[in-house]
Amino acid sequence: MEALKIGIVVSDAMGCLVSPGLSKAPVRYKELEKAFNLCAKSGYDGVELFVDKPENLDATKILALAQSHHLEITALGTGPMYARRGLSLSAEDSSTRSKTLSALRHCISLAESFGSLLTIGSIRGKSRGGDSRLKALKRVGEGLGILDEWASHQGVKVLLEPINRYETDLINTADHALSMIKNLSLTSTGLLLDTFHMNIEERSISDSIRKCKRSLLHLHVADSNRWPPGYGHLDFQQIIQTLRAVNYEGYLSSESLAKPDRVTAVKMTATYLRGLIKKSLVQTE
Ligand code: LER
Ligand code: MN
């Protein structure tokens, strides 16, 4: 059996690990190159790019840069489009929703060029609570339906990520995300689970992974405190065993805080995950 692949989020947003300044215009390709270099040297197989202005990015240049470092571009993260530009699938005003969809359409084209996945995490936004929640959920569902259709024409897979209740009131659990995918009959949308959110919302991380195995296309890893894996109290050995048991073929993509500092986090995450993956291979031989 193949070893599980490891990746890391490359972003200057959200305090994530490496800082290429992807969102800045002009894009700081020199910094991106440095980030890719650090990821490649640390032993990652792929990078997940967080973007807030997909329109600014030169796909050919970024792909060439990744390939020259033997890195796959695993996924495009869209959270910064919400955090920095206020784009949201659940926005009450229709002009924000159409801006959001048009930015996500750019992301689908980028994802097609990169051969990557497209994440829908915090860009779904949040509601004002009470009655507004169901209406907001309906708007998210409509957006997901449109994206799913666009993505299917371009051969791209969209990822719906359950996010814990302290960050949004829309789609907190794996069960809810699975039922959205089923009820909306989405065919090009799968699941992105994130160990940090799962630790808060799921009864058992391993049981949820087993339950979602057919739809699970990508995994964000961070420890219980959002520090890199190994710095909190999650049992990553067990998580890896479960992923192997369900024949998971996607990435473990680290989306952690830059703690104790950026470079240590990048290096330690790779060393720690590789060690656990190796151990799991020995245990099942
Ligand atoms: C935020 O907590 C997160 O997990 C991101 O992947 C969502 O965009
Ligand atoms: Mn995540």
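Keep in mind it's a predicted model, so treat the numbers as computed, not measured. Both counts, for ligands and for their atoms, begin at 1 and track the order of listing. Counting begins at 1 with the first residue of the sequence.
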Would you find more than 12 non-hydrogen atoms of other residues, nucleotides or ligands less than 6.0 Å from [X] atom [atom1]?
X: Lys211; atom1: NZ; result: no
X: Gln154; atom1: CD; result: yes
X: Glu149; atom1: CD; result: no
X: Met180; atom1: CE; result: yes

request  = Grab the two heavy atoms, one from Leu71 and one from Gly46, that are nearest each other, plus how far apart they are.
outcome  = CD2-N, 4.0 Å

ask   = Thinking salt bridges, do Arg84 and Asp52 make one under a 4.0 Å N-O criterion?
value = yes

query = Taking the Mn ion (ligand 2) as the vertex, how big is the angle to OE2 in Glu161 and OD2 in Asp194, rounded to 10°?
reply = 100°

task = May I ask you to decide if Glu92's main-chain N or O and Thr96's side chain share a donor-acceptor pair within less than 3.5 Å?
result = no

request  = Look at His220 and state whether any of its N, O or S atoms is less than 2.8 Å from the Mn ion (ligand 2).
outcome  = yes

query = When you measure from atom 1 (C) of ligand 1 to each heavy atom in His218, Glu167, Arg124, which option holds the nearest one?
reply = Glu167

Which atoms of ligand 1 have any heavy atom of [X] under 4.0 Å away?
X: His197; answer: 1 (C), 2 (O), 3 (C), 4 (O)
X: Asp194; answer: 4 (O)
X: Arg226; answer: 1 (C), 2 (O), 3 (C), 4 (O)
X: His220; answer: 6 (O)
X: Ser122; answer: 7 (C), 8 (O)
X: Glu255; answer: 3 (C), 4 (O), 5 (C), 6 (O)

request  = Answer yes or no for Glu48: is there a heavy-atom contact with ligand 1 below 4.0 Å?
outcome  = no

request  = Just let me know how Ile163 lines up against ligand 1, side chain, backbone, both or neither, with a heavy-atom cut-off below 4.0 Å.
outcome  = side chain

Nearest to the Mn ion (ligand 2) - the N/O/S atom of Glu255, by atom name = OE1

inquiry  = Pairing donors with acceptors under 3.5 angstrom, does anything connect the side chains of Glu201 and Thr173?
reply    = no

